[in-house]
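Below is one structure, written out as structure tokens; comments come after it.
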Amino acid sequence: MNWFLFIAIVLITFFIMEGITWLTHRFVMHGFLWYLHEDHHKPTGHTLEKNDAFFLIFAIPSWLCIMLGLQNKLYWVAAIGFGIALYGLAYFIVHEVIIHQRFKWFTRSNNSYIKTIRWAHKMHHKHLNKYEGESFGMLMVAKKYWDKVKSDKNIQAVSKVNKV
């Protein structure tokens, strides 16, 4: 398998994972596995949450694809595993570091994308039960959240002008 095809499969898998994550979050985490996800919406104050088990739910298929793909020279399978792992890394950075700030790395960002995903996630967390909800994705969010952040920036710009 050539490198171009390998990288293409990794990237396609990465983008497909956003859809899989949305579906899993909406129908599994807010469905029959709510008992694992609930402490994410109703924090207990513990460093680790039951919700962190979902890391394994996604990590195991990634690891198996990489391991079995490389062992059996099925490089397209390994590429799928690397795509899942790459999405897992992005998920960790976006969800744990940027949104929930479990690690204090990007706490004062004024970036529109970061503000938008934070707002969308905040709107997701305003619902404390499994039956209601919005914004189940992670990296791509609905236009209404972008519009909200843009509106906030315009209001801030106008207020700065009025102060001068």
Side-chain angles (χ1 to χ4, degrees), residues 7 10-66 79-160:
I7 292 169
V10 169
L11 293 176
I12 289 167
T13 301
F14 176 90
F15 288 109
I16 288 172
M17 283 303 297
E18 179 69 8
I20 290 170
T21 299
W22 189 97
L23 290 167
T24 302
H25 191 181
R26 172 65 183 92
F27 296 109
V28 175
M29 296 166 88
H30 282 258
F32 67 94
L33 288 182
W34 174 250
Y35 71 94
L36 286 177
H37 187 58
E38 184 176 19
D39 65 349
H40 187 61
H41 284 264
K42 301 174 186 173
T44 61
H46 297 107
T47 302
L48 293 176
E49 302 173 341
K50 288 186 289 183
N51 183 67
D52 294 330
F54 287 106
F55 166 79
L56 293 175
I57 291 170
F58 285 102
I60 290 171
S62 173
W63 163 66
L64 287 173
C65 285
I66 293 168
I80 291 171
F82 282 115
I84 296 169
L86 185 63
Y87 186 86
L89 176 62
Y91 180 91
F92 172 78
I93 292 169
V94 169
H95 188 259
E96 303 302 329
V97 176
I98 293 173
I99 293 173
H100 288 291
Q101 299 181 1
R102 283 188 170 182
F103 303 92
K104 307 297 184 199
W105 296 342
F106 301 101
T107 57
R108 298 185 188 269
S109 176
N110 200 28
N111 179 279
S112 292
Y113 176 68
I114 290 175
K115 285 181 175 267
T116 302
I117 58 174
R118 280 183 176 161
W119 181 254
H121 205 73
K122 183 176 184 163
M123 293 300 96
H124 174 75
H125 275 270
K126 77 179 182 180
H127 303 285
L128 298 178
N129 64 51
K130 74 178 186 176
Y131 299 107
E132 298 175 4
E134 60 184 281
S135 187
F136 292 96
M138 179 54 49
L139 302 177
M140 293 183 281
V141 296
K143 184 180 180 305
K144 68 180 182 179
Y145 304 113
W146 285 98
D147 292 345
K148 161 57 165 107
V149 169
K150 183 178 179 183
S151 173
D152 288 351
K153 282 193 172 196
N154 288 339
I155 291 168
Q156 289 174 346
V158 168
S159 73
K160 283 183 181 178

Side chains of [X] and [Y], heavy atoms from C-beta outward: is any pair under 4.5 Å?
{"X": "Val141", "Y": "Trp146", "result": "yes"}
{"X": "Ile66", "Y": "Ser62", "result": "yes"}
{"X": "Val149", "Y": "Tyr145", "result": "no"}
{"X": "Trp119", "Y": "Lys122", "result": "yes"}
{"X": "Phe32", "Y": "Phe27", "result": "no"}

What pair of heavy atoms forms the shortest contact from [X] to [Y], and how long is it?
{"X": "His95", "Y": "His121", "result": "NE2-NE2, 3.2 Å"}
{"X": "Ala90", "Y": "Leu139", "result": "CB-CD1, 4.3 Å"}
{"X": "Ile80", "Y": "Cys65", "result": "CG2-SG, 4.4 Å"}
{"X": "Lys153", "Y": "Lys115", "result": "CE-CD, 4.3 Å"}
{"X": "Ile99", "Y": "Arg118", "result": "CA-CG, 4.2 Å"}
{"X": "Met138", "Y": "Tyr91", "result": "CE-CE1, 3.6 Å"}

Seminar exercise, completed: When rounded to the nearest 0.5 Å, the distance separating CD1 of Ile20 from CZ of Phe58 is 7.5 Å
Exercise. Would the number of heavy atoms belonging to other residues, nucleotides or ligands and lying under 6.0 Å from CZ of Phe92 be above 12?
Worked result: yes
Exercise. More than 12 foreign heavy atoms under 6.0 Å from CH2 of Trp34: is that the case here?
Worked result: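 Yes, enclosed.
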Exercise. Does one side chain, of His30 or His41, offer a donor that lies under 3.5 Å from an acceptor on the other?
Worked result: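 Judged by distance alone, the side chains do pair up.
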For this session: Would you please classify the geometry between the His37 ring and the His124 ring as parallel, tilted or perpendicular, with 30° and 60° separating the classes?
Result: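 Tilted: the ring planes of His124 and His37 meet at 30° to 60°.
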Problem set entry | His40/His25 aromatic ring centres below 6.0 Å | no
